Amino acid sequence: MIEVKGVSFTYPNGVEALREVSLTIHDGEFVAIMGQNGAGKTTLVKQFNGLLKPTRGEIFVDGVNTRKVSVATLARKVGFVFQNPDHQLFCETVEDEVAFALRNFGFEESTIKKRVAWALNLLDLTEYRETSPFMLSGGERKRVALASVLAWNPKVVVLDEPTIGQDHKQKEKLRQFIVQLIAQRKTVIIVTHDVEFVAECNSHVVLMAQGKIVAKGSAKQMLTNSALVTQASIVSPQITQIFLELADLGMPIDLINIHEAREALLNFLEVDS
Amino acid sequence: MTVIEAKGLTYTYPGGTRRALEDVSITIEKGEFVILTGPSGCGKTTLCRCLNGLVPNFYGGKLEGEILVTGLKVSEHQIYELARHVGLVFQNPENQLFALFVEKDVAFGLENLGVPRDEIRKRVDWALQMTNIENLRERAPHELSGGQQQRVAIACVLAMQPDVMVLDEPTSFLDPLGAQQIFDVISRLNKELGITVVMVEHRLDLASRYSNHVVVMDKGKVVLDGEPKDVFSSEAARLIGVGIPKATRLSQVLEMSGVRLGRVPVTSEEASQVLKEVLSRD
Amino acid sequence: MSVFDGLRFRRGSSPIHQLDPRAKFFYVIVMFVVAVLFNELLPLVVLFLIQIPFVFVARVQREWIRSLRGAAFLAIIIFGFNFLFTYLSGQYELSYVLERSFAMSLRFIVLVESFSVFFLTTSPDHLGLALEQSHVPYEFCFAFTTAVRFVPVLAEEAQTIMDAQKTRGLELERGNFIKRIRNYIPILIPLIVNAIRRSLELAEAMESRAWGATEKRTNLYVLKLKKSDYVLALLSILLLVLAVYIRLFLPVPQLGVVLRI
Ligand SMILES: Nc1ncnc2c1ncn2[C@@H]1O[C@H](COP(=O)(O)OP(=O)(O)OP(=O)(O)O)[C@@H](O)[C@H]1O
Ligand SMILES: Nc1ncnc2c1ncn2[C@@H]1O[C@H](COP(=O)(O)OP(=O)(O)OP(=O)(O)O)[C@@H](O)[C@H]1O
Ligand SMILES: [Mg+2]
Ligand SMILES: [Mg+2]
C-alpha cells in the first residue's frame, strides 16, 4: 500500500511541482495518472521509490517511510520504468541488459537465466537476445527497458509513459500483461497521456493539474466528465464522444470502450425490435 | 500533381542486419494529408528520412530504387537543396531546437540559405503567426513546454516555405489537448497553404480526422495504401495491429453482430451520424 | 553553488545588457591588463570600486555577490600563499606583507568581478554573434552557442540516468575503489550514448534545415556598435592610458601610508 500524505515538492530551481498531494494506492490496485504536460505526474511517482523525497509531508510504502530507506531497498518492492529507455540501456546485449538488475539484487545465475528468458518472451524480444540494445528502433528499446524491470518481479510496478512509440499490438500486449500482473495482486501505476489505452484498461484514474490532484475515480467517472477532462488537458475517448451525440436517442453517455458500446447498442436495438 | 513518387525503395542501414525498407513504392499527390503508420520498427522513420535525402546522404549505405520529391530526384541533390522543398519535424522537440531565442531558431534555415535579412524577418514573423506563437518569439526554446516547443519546431520548418512537411510522431510526448492543438496547426497549414503533409502517427483516434490518405507499413514494406475508411476497414489492418480508430472499430464490431450500417465511419462525428440513422431506422 | 553559478547569463534589459559584447569584452581585457599592471593595494581597491556601479546598473548584485562568494575561497588561498612566502623571506615588515598579500587576492577578485559582470550581462547568443562578426568561423560560433544551450540539459540528463540505474539496484558507494569506479559504467555509457544520439538528432535537424547551403550565411540579428559602446571603449582606453602613465611615471604609495596621513 502506498500512502501519500500532504506531500509538497519543490525542485532546487524553485519550481513547485507538487502541492499538498494526498493519495492512497492499495495493493492490487491499477491506477493511471493522467494530466497536462508539467502537471507533476513524473515528480509524484518518483517519490514512490524514494528517488525524490517530499519537501513537506510523508510517503509510506507498506508502512515504511520513504525517507528512512535507500532507493535500492525500495526498488526491490517498487519497480520503476523510466519514460526514456535510453536513460538506462548500456549493455552489449539485450540479454545482459535484462539481467543487470537481477545481478545487482544478487539473484542466482540459474534464476537469472530463467527470469531473463521469461521477460524477453513476455515482451516479444527473444529474437533480439544477442543484439545490442542500441541497434533497435525506439519502440523496441522501450520494450527492453520494460523487460529489464519486470524481470525482478517487483510488487509494485510504476510505468512512466509506457505506450509512447508503441504500436497497437504492443499496447494490447502490454495491457494483457498488466491484467496478468493485477491478477497476481501486484500494484500497477502508469503515467500516461493515452486516453484510449486507459479506457481499454478500465483502471482507476488520478487526474492531475498544476501540481495538484484534481480528482480520483474509475476511468468511467473520470473520462466521461467533460469538466474534469478539460481541466486535466486530456480529451474524452472516441467512444464517449460518439455517445455524447446519441444522448437524445436515450443512449447512456458514460461509455468509454468498444465492449460497453457494443453491449449498449445491441441491447437498445433488441429492446426496440 | 504528384509531389512524392517512390519506386522500389530498398535500404539497409550500414551495420544493420535487416532491410529497413524493402521495395517501397508510394505516390503522394499535392495537398494530401497522409498518415503513415504501422508496427514499431517497420521503417516509418526510415521512409521519412528518404524524403529529404537524409537516407542515404547522411546515414550512408545504398538506397536502391528511385524517389522523386517535387520533381527532384533525391539521389541527385544535396540535403540542403531538398530542404527548401521538404521540411522534417522530429519526434523529440528538445533535440531539434538549438538556438537561445525562438525567433533565432525559426530563422536558422533561412540564414543557412543566405536569405537577405529583411526577408528573413518577414518570413519568421509569418511562420510564428501561422503557428500561433508570436508571443514566444523572445523566449528560450528550452524553457517552453513540450507542446510549445513542437510548435516552434513546426514554425522552423514552415519558415522555409516547403511544399511538403514530414512529421515523425510529432505529438507523442504531448498531452491529448496539446496534441490536438498541434494537429489543428498542421491541418491549417495543409488547408490554407496547400502544403502536402506526411505524418507518422500511432494515435489514429485523434489524427485520422485530418487525413485523406493512409499508408500502412509492415516489416519494411508498404502493405496498405488508400483512403482512410478503406484502409481502416480492411482485415489486413486489423491483423497487422494498426490502432484502428474506435469509430471504425465499433462499426466493424456491430457489423459482425449483424447490424448493418451501410457506411464506414472514421471520425466520432461520422460514427454518431451513422448510428443515429441506424437507431432511428426502426 | 559555485563560481560558475555567478557567471551564468541572466536575461535582463539594463543598459549594460544592451552593450555590444565586443565593447564589453574590450573593457574586460583592459580591466585584466590594468589589474596585472599593479600589485599595490590602492589602485586595485580603486579598480574594485569603479566596477560596482556597473553591477548595480545591470541589476545583477545578487549573482555578482554569489560569484564573489565562490571566488572567496581561492582568494583566501592566494592570500595565504603570498603571506607565507613574502613573510618567510623575512625581508619586509609585517604591514607591507599584509598589504601586498591582500592586494594579490584583491587582484584575483577584480578579475572575477569583471568577468562575472561580462558573463552575467551578455547572452551567449550575442556572444556567438559577436564571435561571428569578428570573423571567427561560423562552425565554431555555432558549437559555442549549442554547448551553452545543452550543458544544463546534459546535467539534468545525468541526474535522470543516475536515478534510472539506482532504480535497477545500482549502488554507487558499494565495494572497493576499483568496484566503485566500475559502478559508474552504467551511468557513463548511457550518458555518452545519449550525447551521441542527441548530436546525431541535432545534426539531422540541422541538415534538414539547409545547414551548409551557402558560404554566405546571413543573420537575423546584426550587432551594430552604438554610441554607448564607443563611450565604454573610450573610457576603457582612457583608463588604460592613465594606468600605464601612473605605472611608468608616478610612485604608488602604500594604502596604509595614505590612510595615516
Ligand atoms: N529536474 C527538474 N528540475 C527542475 N524542475 C523540474 C525538474 N523536473 C521537472 N521539473 C518541473 O516540474 C514540473 C513538473 O514536472 P513533471 O516532469 O513532474 O511533469 P509531468 O506531469 O511528468 O509532465 P509530462 O507529461 O510532460 O511528462 C514542471 O514544471 C517541470 O518543468
Ligand atoms: N540508425 C540506424 N542504424 C541501424 N539500424 C537502424 C537505424 N535506425 C533504425 N534502424 C533499424 O531499421 C528498422 C526500421 O526502423 P525505423 O526507425 O524506421 O522504424 P519505425 O517504423 O520508425 O519504428 P518506431 O515506430 O519504433 O519509431 C528497425 O529494424 C531498426 O532496428
Ligand atoms: Mg513526465
Ligand atoms: Mg520511428
Side-chain angles (χ1 to χ4, degrees), chain A residues 11-13 15 42-43 45-52 70-92 96-107 132-135 138 141 144-152 154 156-160, chain C residues 1-2 4-11 62-63 66 70 149-176 178-205:
Chain A
Y11 280 104
N13 66 357
V15 174
T42 301
T43 309
V45 291
K46 274 190 177 176
Q47 315 268 342
F48 296 165
N49 67 353
L51 282 174
L52 298 174
S70 73
V71 177
T73 317
L74 270 176
R76 282 296 289 273
K77 210 175 268 172
V78 185
F80 192 115
V81 185
F82 278 67
Q83 184 168 343
N84 183 352
D86 297 336
H87 285 152
Q88 60 169 71
L89 303 181
F90 73 99
C91 293
E92 277 169 38
D96 283 344
E97 198 64 59
V98 178
F100 175 68
L102 299 172
R103 299 213 167 96
N104 283 334
F105 290 137
F107 284 85
S132 159
F134 302 117
M135 292 296 293
R141 291 202 298 277
V144 176
L146 216 66
S148 79
V149 170
L150 295 176
W152 79 78
V156 180
V157 182
V158 183
L159 308 170
D160 198 354
Chain C
M1 259 306 288
S2 66
F4 295 109
D5 251 4
L7 294 180
R8 203 175 303 147
F9 171 64
R10 298 298 187 308
R11 214 163 282 265
R62 263 204 284 146
E63 294 80 11
R66 199 183 296 171
R149 150 84 172 81
F150 280 97
V151 163
V153 177
L154 286 185
E156 200 176 297
E157 182 152 63
Q159 185 60 49
T160 310
I161 291 171
M162 230 182 290
D163 285 352
Q165 304 300 35
K166 271 198 233 162
T167 310
R168 299 205 295 162
L170 179 73
E171 285 177 281
L172 290 173
E173 266 82 58
R174 199 163 60 178
N176 59 21
I178 308 274
K179 180 84 178 37
R180 278 183 198 206
I181 290 180
R182 289 195 30 173
N183 284 345
Y184 276 89
I185 292 177
I187 290 171
L188 285 178
I189 292 181
L191 196 60
I192 294 166
V193 168
N194 272 300
I196 295 172
R197 197 186 290 282
R198 202 183 274 280
S199 34
L200 267 178
E201 273 182 36
L202 219 71
E204 237 182 321

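Just so it is clear: chains get the letters A, B, ... in the order the sequence lines come, proteins before strands, and each one is counted from 1. None of these values were measured; they are calculated from a predicted model.
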| field | Residues forming a ring-ring contact (aromatic ring centres under 6.0 Å, His included) with C:F150, sequence neighbours excluded | value |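 For C:F150, no residue satisfies ring-ring contact (aromatic ring centres under 6.0 Å, His included) once neighbours in sequence are set aside.
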
| field | A:F82, part contacting chain C, at a heavy-atom distance under 4.5 Å | value |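 Contact with chain C involves the side chain of A:F82 alone.
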
| request: Answer with side chain, backbone, both or neither: which region of A:F105 has an atom nearer than 4.5 Å to a non-hydrogen atom of chain C? | output: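 Side chain only.
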
| In Å and rounded to the nearest 0.5 Å, what is the CD1 to CZ distance from C:I196 to A:F134? |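 With rounding to 0.5 Å, CD1 (C:I196) is 9.5 Å from CZ (A:F134).
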
Note each donor-acceptor pair with a separation under 3.5 Å, taking one atom from chain C and one from chain A.
unit_1 : atom_1 : unit_2 : atom_2 : d
C:E157 : OE2    : A:H87  : NE2    : 2.8
C:Q165 : NE2    : A:Q88  : O      : 3.0
C:R168 : O      : A:N104 : ND2    : 3.0
C:R168 : NH1    : A:E97  : O      : 3.1
C:R168 : NH1    : A:E97  : OE2    : 3.4
C:R168 : NH1    : A:S148 : OG     : 3.1
C:R168 : NH2    : A:Q88  : O      : 3.1
C:R168 : NH2    : A:E97  : OE2    : 2.7
C:N194 : ND2    : A:D86  : O      : 2.7
C:R197 : NE     : A:D86  : OD2    : 3.1

